[in-house]
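Heads up: the structure comes next, in structure tokens.
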Number of protein chains: 2
Amino acid sequence: MEGKATIQDVARVAEVSIATVSRVINNQGGVRKATEERILKAIEETGYIRNAAARSIKIKDTKTIGVIVPDINNPFFPSVMAGIEQKARENGYLAILASTNESTVVEGEILKNFIERGVDGVILTTANEAGDHLKQVHEQGIPVVAVDRSIQRYDCDTVLVDNVKGSYQAVQHMILQGHEKIAIICGPQNTTPGRERFIGYKKALEDYNIPLDERYIIQGDFGERSGYLAAKELHDLEERPTAIFASNNLMTIGCVKAVSALDWKLGEEVSFFGFDDVEIATFVNPKLSVVSRPMHAVGEIAFQLLHERIQFKEPLPKREYKLSPELIVRESSRALFPKGIQSGQTS
Amino acid sequence: MEGKATIQDVARVAEVSIATVSRVINNQGGVRKATEERILKAIEETGYIRNAAARSIKIKDTKTIGVIVPDINNPFFPSVMAGIEQKARENGYLAILASTNESTVVEGEILKNFIERGVDGVILTTANEAGDHLKQVHEQGIPVVAVDRSIQRYDCDTVLVDNVKGSYQAVQHMILQGHEKIAIICGPQNTTPGRERFIGYKKALEDYNIPLDERYIIQGDFGERSGYLAAKELHDLEERPTAIFASNNLMTIGCVKAVSALDWKLGEEVSFFGFDDVEIATFVNPKLSVVSRPMHAVGEIAFQLLHERIQFKEPLPKREYKLSPELIVRESSRALFPKGIQSGQTS
DNA sequence: GTGAAAGCGCTAACAT
DNA sequence: ATGTTAGCGCTTTCAC
């Protein structure tokens with residue numbers, strides 16, 4: 001019992017050949033009921049578990065997919081992962097996860113390791129959109145789907161959230177509530193999300209003929225501190241904005257902290273919209289309006305796409321999904337001057 | 001180039017035998033510089049990546065450990081995972097993660113899959129402390145270390161956080177600040193953390209000769225709503241507690257929400273201590289005092305223990321680590337009557 | 001219905 | 001320094 005029992009051991013105990021044992025293990029039928037039972041009993045007795053390594057050396061697929069994320073501590077990824085995992089399980093796959101800590105090198109190592117282990121496919125949010133380190137995977141013909149960040153150097157299925165649309169809608173919502181002095185706290189412009197969310201902002205203003213005002217465009221770095229600083233900067237303006245849009249979760253947190261510290265009345269003196277729902281959103285008063293990403297769905301679709309690739313190895317064309325984010329309007333975004341009174345006037 | 005290149009292909013291209021190729025792959029030395037370079041070039045050319053399956057069929061270890069968590073969305077686990085991963089990487093191991101969604105059945109399946117894949121060891125927070133489903137792992141002689149929840153049926157190394165100590169210290173802290181009417185929002189008493197945190201509470205009161213008051217002991221279920229309800233119940237009391245201890249993160253959130261809704265002045269009218277640091281802790285005003293668990297360290301130690309088991313397969317005795325939680329005193333816990341005035345007494 | 005035997009890709013003696 | 005070869009545990013013809 002101790003140590004690994006092999007198919008040989010089972011065969012010996014059941015007094016049959018290994019071929020027959022193999023047949024029942026993979027229930028291919030064609031085995032007499034009696035022998036099958038004898039074998040089953042032998043398996044039980046020996047505590048046999050088949051060796052996947054030996055198996056997958058013959059068989060091509062491993063029914064395993066690898067998932068790679070840049071930062072396991074960012075709540076976005078566990079949610080996506082949950083979606084992947086659920087779909088994977090439904091389809092008889094095991095999803096294994098590894099985190100790169102935003103390091104391209106580590107990502108390459110993990111990738112290699114996954115390939116060595118013969119994963120059937122990979123879902124990843126890369127630490128490096130250039131994608132040169134994906135060469136190996138590509139060469140092996142292993143299907144890949146990119147999530148949240150696209151890959152430049154190689155074509156692969158991609159599932160993104162429509163950042164442009166999300167920020168557009170948030171800004172539009174505030175415009176329709178009468179705001180014109182709308183500030184944005186941008187993410188880094190060398191990242192896709194940072195760029196796209198800024199584009200949505202500009203597009204909304206443009207569509208409603210509101211000129212871009214440089215004073216209201218603050219560069220942040222997706223970090224909490226930069227959100228804090230940005231809010232402060234906006235508050236220092238002679239002509240303060242009446243609404244703020246923060247491009248991500250951390251900057252949302254920083255911004256709200258600052259607004260509160262400055263005793264700038266959220267929702268009243270300044271409306272607010274954040275990108276990505278955060279735990280504190282429903283905690284602060286007033287509750288935060290946000291653009292929420294369908295993370296679970298992202299995971300499900302990513303698996304879906306991957307699964308199709310795995311099944312029909314044919315060279316399907318590259319596909320790109322763009323999921324629509326959802327506008328969650330809570331209390332921090334309000335109509336400007338509900339009584340129709342203009343700024344600078346007395347009541 | 002397309003499709004898997006094998007060691008054979010490399011040997012052919014480099015015009016050497018597969019043995020020599022194997023030698024350079026595993027850099028065992030004893031290969032002339034020139035040939036080595038030829039082989040390296042051939043590897044590059046063919047895009048060869050060694051097949052881990054074929055390898056681990058001969059070699060015993062896979063340099064891979066499996067990590068199983070019950071709920072990937074609970075922020076506790078990603079943190080622990082980060083600790084495990086870091087140590088694993090430092091030691092040349094790859095950590096793969098899978099989540100059971102608190103299902104014993106799924107946990108069994110994952111375990112089996114991990115065994116099939118020949119993981120060298122497993123770190124898990126089980127969905128079922130009884131541990132009958134761990135039979136298979138045990139039989140295979142694969143080392144296991146339990147994290148945060150212990151395993152009853154089998155002996156294995158365990159790393160826990162000292163719940164009793166954590167809640168003891170929190171309550172003690174409040175006692176030393178003059179509080180006597182200290183309420184607890186308990187977790188389920190059929191879970192180890194729920195039980196232990198209650199024990200620490202009782203012990204602290206006992207040590208300071210404060211009689212247990214049933215009115216101040218509220219049963220919760222570790223869910224946010226129960227924390228909310230509990231706070232309400234306490235507020236309804238004729239003789240309200242002057243301090244509250246909440247046994248976990250979610251109930252902390254619920255409780256604080258309720259306190260705020262009831263306009264019960266946190267820190268002033270009622271002191272507060274939570275178990276587990278939460279994002280909102282530093283967000284609300286006043287900032288929350290909490291018992292914080294050293295999650296990263298838990299992960300590091302778990303790997304450490306596992307690694308030792310993997311290396312010296314000898315039957316070490318079962319080891320149990322209990323890490324001390326850290327008391328983070330912020331603003332929600334304050335001295336009762338800071339001027340030294342005793343309850344019911346005159347100065 | 002069952003078994004014998006040939007590999008799968010690799011490592012590790014054992015030769016040379 | 002390099003090659004030959006015997007397996008590792010398994011699946012899969014091909015016989016019987």
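Reminder, nothing fancy here: chain letters follow the sequence lines and each chain counts from 1. Predicted, not measured: the structure shown is a model, and the values here were computed from it.
Here B:Arg149 does not pair with B:Glu107 in a salt bridge; the nearest charged N to carboxylate O distance is not below 4.0 Å.
Separating the CG atom of A:Asp61 from the P atom of D:dC10 is a distance of 17 Å, rounded to the nearest angstrom. Rounded to an integer number of Å, the gap from CD1 of B:Ile39 to C1' of D:dG3 is 12 Å. A straight line from CD of A:Gln8 to C1' of D:dC10 spans 9 Å, rounded to a whole angstrom. Atom CD in A:Gln28 sits roughly 14 Å away from atom P in D:dC10 (whole-Å rounding). Rounded to a whole Å, the NZ atom of B:Lys58 is 14 Å from the C1' atom of D:dC10. Rounded to whole Å, the distance from CD1 on B:Ile7 to P on D:dT2 is 15 Å. The distance from atom NZ of A:Lys4 to atom C1' of D:dC10 is 16 Å, rounded to the nearest whole Å. Straight-line distance from the CG atom of A:Asp9 to the P atom of D:dG9: 8 Å, rounded to whole Å.
The footprint of chain A on DNA chain C, defined by a heavy-atom cutoff below 4.0 Å, extends from C:dG1 to C:dG9.
Nucleic acid contact class of B:Ser56 (heavy atoms, under 4.0 Å, all strands): none. As judged by a 4.0 angstrom heavy-atom cut-off over every strand, B:Arg23 is placed among the base-contacting residues. In this structure, B:Thr6 reaches the sugar-phosphate backbone alone: every heavy-atom distance under 4.0 Å involves primed, P, OP1 or OP2 atoms, never a base. At the heavy-atom level, B:Ile25 lies nowhere under 4.0 Å from the strands shown.
The B:Ala19 side chain lies nearest to D:dT4 when the options are D:dC10, D:dT13, D:dT4.
With hydrogens and angles left out, the side-chain atoms of A:Gln136 and A:Gln140 include no donor and acceptor closer than 3.5 Å. A donor-acceptor contact closer than 3.5 angstrom is absent between the side chains of B:Arg55 and B:Asn51.
When side chains are defined from C-beta on, A:Arg23 does not count as touching A:Glu36, because their heavy atoms never get closer than 4.5 Å. B:Val67 is not listed as a side-chain neighbour of B:Val80, based on a closest heavy-atom distance of 4.5 Å or more. Side-chain contact between B:Phe222 and B:Pro193: present, with at least one pair of heavy atoms (C-beta onward) separated by less than 4.5 Å.
In this model, the phosphate group of D:dG3 is approached by a side-chain N or O of B:Ser17 to a distance below 4.0 Å at OP1 or OP2. Residue B:Arg32 places no side-chain N or O under 4.0 Å from the OP1 or OP2 atom of D:dA1.
Summarising the geometry, atom OG1 belonging to A:Thr158 is positioned 12.5 Å from atom CD1 belonging to A:Ile301; distances are rounded to the nearest 0.5 Å.
The residue among A:Ala53 and A:Ile59 whose nearest nucleotide of DNA chain D lies closer to the 5′ end is A:Ala53.
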